[in-house]
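Below: one structure, written as structure tokens.
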Amino acid sequence: QVQLVESGGGLVQAGGSLRLSCAASGRTISSYPMGWFRQAPGKEREFVAAISGLDLSTYYAESVKGRFTISRDNAKNTVWLQMNSLKSEDTAVYYCVGRGWYGVRKGPDEYDYWGQGTQVTVSS
């Protein structure tokens with residue numbers, strides 16, 4: 001089993017930055033993709049970003065491309081999401097996710113492990 005624990009959420013003004021962290025423990029998934037999803041009130045959970053475990057290729061939703069950066073350190077079992085130029089529409093609960101197999105995916109059902117979520121609120 002894998003446990004994912006997020007941190008770093010909070011309240012920030014529009015245009016500001018936040019850095020989310022996700023620490024993984026339990027079974028190692030350093031070779032497998034990890035990523036972030038988010039869910040705003042009244043909306044479905046949506047893909048934000050993902051990073052492969054082997055070649056560290058990154059993937060982003062169009063809405064965050066150029067503003068968010070995902071990275072990971074497999075030795076530390078940690079993944080980060082650097083969020084810059086935040087907008088009010090980025091307000092959501094952000095979830096760290098991990099897969100139990102190779103191949104980056106963008107659907108929530110493709111991820112086996114989920115953190116408890118961390119709230120990000122962007123005030124305009």
Side-chain angles (χ1 to χ4, degrees):
Q1 191 61 290
V2 175
Q3 293 78 42
L4 302 175
V5 178
E6 304 101 333
S7 60
L11 174 64
V12 64
Q13 288 189 332
S17 299
L18 279 176
R19 190 189 196 205
L20 304 183
S21 299
C22 173
S25 61
R27 169 180 171 245
T28 180
I29 56 172
S30 60
S31 297
Y32 304 135
M34 294 186 71
W36 296 88
F37 280 73
R38 67 186 181 187
Q39 187 167 23
K43 295 188 176 181
E44 293 188 353
R45 201 165 286 190
E46 65 172 352
F47 171 82
V48 175
I51 184 168
S52 68
L54 298 178
D55 62 8
L56 304 184
S57 298
T58 56
Y59 305 80
Y60 297 95
E62 285 297 321
S63 59
V64 307
K65 201 172 289 185
R67 300 188 297 122
F68 291 10
T69 302
I70 188 171
S71 59
R72 68 190 292 172
D73 185 331
N74 287 337
K76 297 181 179 179
N77 292 321
T78 301
V79 63
W80 297 275
L81 185 68
Q82 178 67 44
M83 305 185 294
N84 298 329
S85 303
L86 283 162
K87 306 175 182 180
S88 57
E89 51 262 44
D90 295 318
T91 295
V93 177
Y94 283 70
Y95 297 91
C96 177
V97 297
R99 286 200 84 204
W101 195 242
Y102 302 106
V104 173
R105 299 289 187 270
K106 296 184 178 181
D109 293 344
E110 303 283 357
Y111 288 85
D112 305 288
Y113 310 109
W114 290 74
Q116 80 286 355
T118 185
Q119 178 69 47
V120 171
T121 303
V122 183
S123 63
S124 56

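When a residue number appears, it is its place in the shown sequence, counting from 1. Nothing here was measured: the structure is a model prediction, and the numbers come from that model.
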Closest contact, heavy atoms only, A75 versus D73: N-OD1, 3.0 Å
For residues V2 and D112, determine if any side-chain heavy atom of one lies less than 4.5 Å from a side-chain heavy atom of the other. no
Would M83 and S17 count as a side-chain contact (heavy atoms from CB on, under 4.5 Å) here? Give the steps. CA-CA 5 Å; M83 305 185 294; S17 299; over 6 Å; no
Distance-only side-chain donor-acceptor flag, Q39 / E44, under 3.5 Å: no
Considering only heavy atoms from C-beta outward, does the side chain of W114 approach that of L4 to under 4.5 Å? no
Say whether R27 and Y113, considering side chains only, have a donor N or O and an acceptor N or O under 3.5 Å apart. yes
Heavy-atom distance under 4.5 Å between the side chains of I51 and P33, does that happen here? no
Would you check if the side chain of T91 reaches a backbone N or O of E89 as a donor-acceptor pair within less than 3.5 Å? no
Same apolar cluster: W101 and I29, side chain cutoff 4.5 Å: yes
Distance col, row N84:CG vs L18:CG, nearest 0.5 angstrom, shows 9.5 Å
Correct closest heavy-atom pair for A92 and A40 would be CB-N, 3.8 Å
Give a yes or no on whether L56 and Y32 share a hydrophobic cluster (residues Ile, Leu, Val, Met, Phe, Trp, Tyr; joining criterion: side-chain heavy atoms under 4.5 Å apart). yes
S31 vs L54, test: side-chain contact (heavy atoms from CB on, under 4.5 Å). Steps then yes/no. CA-CA 6 Å; S31 297; L54 298 178; 4.0 Å; yes
How long is the straight-line distance from OH of Y102 back to OG of S52, given to the nearest 0.5 Å? 11.5 Å
When you group the ILVMFWY residues by side-chain heavy-atom contacts below 4.5 Å and let the links chain together, are V104 and V79 in the same group? no
d(S30 OG, N77 CG) to nearest 0.5 Å is 6.5 Å
State the CZ-CZ distance between F47 and R105, to the nearest 0.5 angstrom. 11.5 Å
Any chain of hydrophobic side-chain contacts (each under 4.5 Å) joining W80 to V120? no
Interatomic distance, CD@Q13 vs OG@S123, rounded to 0.5 Å, equals 5.0 Å
Pairwise side-chain contact, Y94 with L81, heavy-atom cut-off 4.5 Å (strictly under): yes
Any side-chain heavy atom of W36 sitting closer than 4.5 Å to one from L20? yes
Check step by step if ring-ring contact (aromatic ring centres under 6.0 Å, His included) holds for Y111 and F37. CA-CA 10 Å; Y111 288 85; F37 280 73; 5.5 Å; yes
Hey, is the main chain of G117 close enough, under 3.5 Å, to the side chain of E6 for a donor-acceptor pair? yes
Heavy-atom side-chain contact between C22 and M34 under 4.5 Å: yes
Less than 4.5 Å apart, side chain to side chain, heavy atoms only: is that true for F68 and L86? yes
What distance do D90 atom CG and R38 atom CZ have between them, rounded to the nearest 0.5 Å? 5.0 Å
Work out which heavy atom in Y59 is nearest to a heavy atom in K106; give both atom names and the distance. CB-CE, 4.3 Å
Does V122 share a hydrophobic cluster with V93, counting links as ILVMFWY side-chain heavy atoms below 4.5 Å and allowing steps through other members? no
